[in-house]
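These notes concern the structure reproduced below.
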Number of protein chains: 2
Amino acid sequence: MTIKPRRNSPERKAVKPKIPTSGRSAAAPARGVRPNQADVAYSRLRELILAGSIAPGSFVLELEAAAKLGMSRTPVREAMVRLRAEGIVEIRARHGMRVLPVSADDMREIYEVITSLESTAAGLVAKRGIDTNALSSLNEAVKAMDSALERDDLERWAQADEDFHRTLINSCGNGRLIQTVDQFWSQAHRARLLTLRLRPKPTQSNREHAALVKAIAKGDAEAAVRIHQEHRERAGRLLTDLLRKIG
Amino acid sequence: MTIKPRRNSPERKAVKPKIPTSGRSAAAPARGVRPNQADVAYSRLRELILAGSIAPGSFVLELEAAAKLGMSRTPVREAMVRLRAEGIVEIRARHGMRVLPVSADDMREIYEVITSLESTAAGLVAKRGIDTNALSSLNEAVKAMDSALERDDLERWAQADEDFHRTLINSCGNGRLIQTVDQFWSQAHRARLLTLRLRPKPTQSNREHAALVKAIAKGDAEAAVRIHQEHRERAGRLLTDLLRKIG
DNA sequence: GCATTCCTTAATGAATTCATTATTGTACTT
DNA sequence: AAGTACAATAATGAATTCATTAAGGAATGC
């Protein structure tokens, strides 16, 4: 018997069934199932957007994206629908998918949501207790931030900061909250990178992180909420003010 | 010249370009644009699910839904992707879309998110002020709740309660927060209906609503946050406990 | 030169076709 | 009778086809 040739014309590059390494996606591809073309399109496009490789404000046609990704329009279309649901692109008929620029006002909105949910998460973690693993991760992150700050390594600091917050949120015991924060966090990511070197040294941040860990370890939910809220509000103000300045 | 006949086989019932009246959808169909088949499929399916017409836990195949809605699988598929992104269904290969049942634990998660965001919204409204229109809407809703309660008209009370909260949230000046609350609110809706007659008379609720309006009118953000938080936490506990009891 | 109308073209929305594959049922073996 | 192998089937994932329609440009009139 002969092998039937596939009739696919978009040249079939052996698709790596690699699981995307980036943080959990909002529209979760069912667990453990190997990703299909639509999943590939979704995560590839998402990465491109979040890394800034597709400029905010620019349009991407279905056909363009399909060609670039080596697949047909169908899965690309599905991916775009998911990205729109996440709020990081809009779809304009006959212009394709437009990567939404994040204005200062958008950033205010995003930070208000993040502040609200993360503070709640901090409170929940303090109230419900945190497992030893996570607690030591938090402490490590704090240490990493301190040493990065001493060496003026801002990239390192930002990474540790992100680790800290991700660990914190992931310990809150509320999957929906985690996913929602994740979604908004990714939208703020670009702006954070953009303004990293324009911000004052985040020494205050480090103090707040340490205080938060202490409150959580003590199980003081009230304090945890308050500290985290102030922390985020300050960060949000800083970021939105900066965005307003640099346009 | 003759009119070219369309070759569509699924009988073309004159598609009403009606804008769905229900609350704003999470994956916003672009403003002002007439809805396409995918939008129709999305809102029809969503209505069916939220009204309980598609039983939680049950599976719906793409082809079934397509036949029922009089369109092909393509737009149905797109709609299902959107519903999955919203977290109200899951998609299992070869079994179709499964309406996710909302367990007591799910409801806890949902209420934790709602509580967090709505309290923040209440605070924002108090801080930023509220326009006269919205304020009188709130007062009307409070009045409606009171009179409905006197007449033991629970449906009416639930409607007024929903109006109150929707008005409040819509006044917060944060579109992303509004949309996110809306999304979770719709997930809680079924359970609320289910347990409406099992709950004690919501006299306490009415008092809290009145107090909240007063705090907002005074511009007392702290109080607004606190009152609303307690209000929602109590409601959440009540609902999840009930769900736990009745399974 | 500028506005208006018509025509062409390209992008989309949606149906359809096709290949793959999980699932279900059946036959067969032990 | 129980379990396994195999075959038929049905559902999906994805490509492709087709009709529609907005966008852009050319031609026309002022």
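Letters A, B, ... mirror the listed sequences (proteins, then strands); counts begin at 1. Every value quoted in this text rests on a predicted model; they were computed, and no experiment measured them.
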Looking at [N], does its base get a donor-acceptor pair with the side chain of [X] below 3.5 Å?
{"X": "B:Arg94", "N": "D:dG13", "result": "no"}
{"X": "B:Thr74", "N": "C:dA15", "result": "yes"}
{"X": "B:Arg77", "N": "D:dT12", "result": "no"}

To the nearest 0.5 Å, tell me how far [X] [atom1] sits from [Y] [atom2].
{"X": "A:Ile88", "Y": "A:Leu50", "atom1": "CD1", "atom2": "CG", "result": "5.0 Å"}
{"X": "A:Ile178", "Y": "A:Asn170", "atom1": "CD1", "atom2": "CG", "result": "5.0 Å"}
{"X": "A:Leu124", "Y": "B:Glu109", "atom1": "CG", "atom2": "CD", "result": "10.0 Å"}

Within a strict 4.5 Å, meaning less than it, do heavy atoms of the B:Arg176 and A:Asp106 side chains meet?
yes

Whole Å only: how far is the [atom1] atom of [X] from the [atom2] atom of [N]?
{"X": "B:Leu69", "N": "C:dA15", "atom1": "CG", "atom2": "C1'", "answer": "15 Å"}
{"X": "B:Glu62", "N": "C:dT21", "atom1": "CD", "atom2": "C1'", "answer": "15 Å"}
{"X": "A:Arg73", "N": "D:dC18", "atom1": "CZ", "atom2": "P", "answer": "14 Å"}
{"X": "A:Glu78", "N": "D:dA14", "atom1": "CD", "atom2": "P", "answer": "8 Å"}
{"X": "A:Ile91", "N": "C:dG13", "atom1": "CD1", "atom2": "P", "answer": "8 Å"}
{"X": "B:Leu63", "N": "D:dG13", "atom1": "CG", "atom2": "C1'", "answer": "14 Å"}
{"X": "B:Leu61", "N": "D:dA10", "atom1": "CG", "atom2": "P", "answer": "12 Å"}
{"X": "B:Asn36", "N": "D:dA19", "atom1": "CG", "atom2": "C1'", "answer": "15 Å"}

Pick the closest DNA chain D nucleotide for A:Ala38 and for A:Ala93 by heavy atoms, then say which residue is nearer the 5' end.
A:Ala38

Most 5' of A:Met97 and B:Arg92 on DNA chain C, judged by nearest nucleotide:
A:Met97

Taking 4.0 Å as the cut-off, does a side-chain nitrogen or oxygen of B:His95 come that near to OP1 or OP2 on D:dA11?
no

Measure the acute angle between the ring planes of A:Phe59 and A:His95, then classify it against the limits of 30° and 60° as parallel, tilted or perpendicular.
tilted

